[in-house]
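Ligands are counted one by one from 1 in listed order, and the atoms in each one are counted from 1 as well.
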Amino acid sequence: MSLIDTPQSLTIARPDDWHLHLRDGAAMASVLPHTARQFARAIVMPNLRPPITTTAMAQAYRERILAALPAGMRFEPLMTLYLTDNTDPDEIRRAKDSGFVHAVKLYPAGATTNSDAGVTDLARCHKTLEVMQELDMPFLVHGEVTDQDIDLFDREAVFIERVMRPLRKNFPELKIVFEHITTRDAAQYVAEAEGPIAATITAHHLLYNRNEIFKGGIRPHYYCLPVLKREEHRLALVTAATSGDERFFLGTDSAPHAIGAKETSCGCAGCYTALHAMELYTEAFERAGALDKLEAFASFYGPDFYELPRNTETVTLKRETWTLPETVPMADAQLVPLNSGEAINWKML
Ligand SMILES: NC(=O)N[C@@H](CC(=O)O)C(=O)O
Ligand SMILES: [Zn+2]
Ligand SMILES: [Zn+2]
């Protein structure tokens with residue numbers, strides 16, 4: 001094999017994470033340096049308790065993040081608002097004027113972690129969505145129906161028919177990000193859709209299918225929402241991510257939960273990848289023979305969609321085997337990163 005086939009290092013423009021959970025308080029202070037080491041900016045999810053529903057709350061949260069950033073690290077949190085049935089259209093205007101709120105997030109009520117205050121029916125949000133469309137405020141969508149009669153593995157595909165198509169018909173100019181897509185259905189829908197729509201893809205959905213959750217026993221650290229799907233869906237996501245289509249870009253959905261909240265009889269959904277996200281994406285792109293497509297996916301298409309400047313600094317990933325820690329501290333507890341205790345083949349310098 002030639003050196004060109006197996007590069008020993010890879011230098012790309014500094015990437016950003018377009019879907020991230022930072023939590024708050026001491027937990028946030030523990031996980032923030034991991035992301036700030038890997039990424040220049042991140043779209044910070046608003047699903048706190050209570051959720052970030054106003055520009056004033058987003059401003060205070062942003063200040064807490066910046067205050068927790070270790071000296072010498074540079075990182076820009078891009079804030080989001082959590083849409084509720086009652087979000088005032090004027091709140092969208094305040095958010096737009098702030099300059100630091102970059103999107104509004106849809107959590108269908110009951111779909112995922114801290115979504116109880118989410119939207120029960122998008123029909124209640126028409127005036128607010130109209131203002132978002134008018135002001136070019138991106139709408140980030142957790143795309144799963146919550147109907148318990150729908151099989152868990154079908155909830156994303158059903159969402160496309162029941163929610164996404166009508167939403168885009170009613171608001172054809174609304175900028176939408178279909179977050180953390182997990183199915184061929186979603187990848188195809190986004191690739192073929194007309195108008196301003198994109199999708200984020202996590203590293204874990206590029207690397208694993210649903211077998212991973214049940215390998216030799218139940219493995220809660222591979223449980224996230226939307227849940228990992230069949231191999232055919234993973235392959236479709238890899239094809240989308242490595243296609244060079246600017247509608248698909250990086251969003252880790254790194255979602256820290258303390259070990260006790262994961263390893264229990266009813267564990268929380270979420271995979272923690274902030275520690276080694278770029279290493280995982282590099283591995284996924286290398287396996288697909290598409291290392292040359294990584295930079296645009298990780299560093300160009302996201303800022304282009306959000307109409308933000310691309311980063312001018314670079315980062316280097318080296319081919320080097322290292323072992324992930326079993327746990328990392330989070331506040332006064334521990335957190336188990338995805339792939340804990342396993343060797344990985346790339347290392348971000
Ligand atoms: N992805 C997850 O499994 N969990 C996320 C919520 C989310 O993004 O749906 C979390 O906040 O823990
Ligand atoms: Zn989600
Ligand atoms: Zn998420």
With a 6.0 Å cut-off on the ring centroids, do [X] and [Y] count as close?
X	Y	value
H180	H205	no
H221	Y272	no
F214	Y222	no
F297	Y281	yes

* Spell out, yes or no, whether F305 and F248 are grouped together once hydrophobic residues are joined by side-chain heavy atoms under 4.5 Å, including indirect joins. => no

* Do the ring planes of F249 and Y306 sit parallel (below 30°), tilted (30 to 60°) or perpendicular (above 60°)? -> perpendicular

* Neighbour count >12 (heavy atoms, 6.0 Å) for atom CD, E232 -> yes

* To do: Have a look around the Zn ion (ligand 3) and list protein N/O/S atoms under 2.8 Å, or say none.
  => H19 NE2, H21 NE2, D253 OD1

* To do: Evaluate salt bridge (Lys or Arg N to Asp or Glu O under 4.0 Å) for E283 paired with R319, printing each intermediate quantity in order.
  => CA-CA 10 Å; E283 178 75 35; R319 187 183 300 281; over 6 Å; no

* Is the shortest heavy-atom distance from the side chain of R247 to the side chain of I197 under 4.5 Å? -> yes

* List, ordered by chain and residue number, the protein residues whose closest non-hydrogen atom lies under 4.0 Å from any atom of ligand 1. => H19, H21, R23, N47, T112, T113, H142, H180, C224, L225, D253, A255, H257, A269, G270

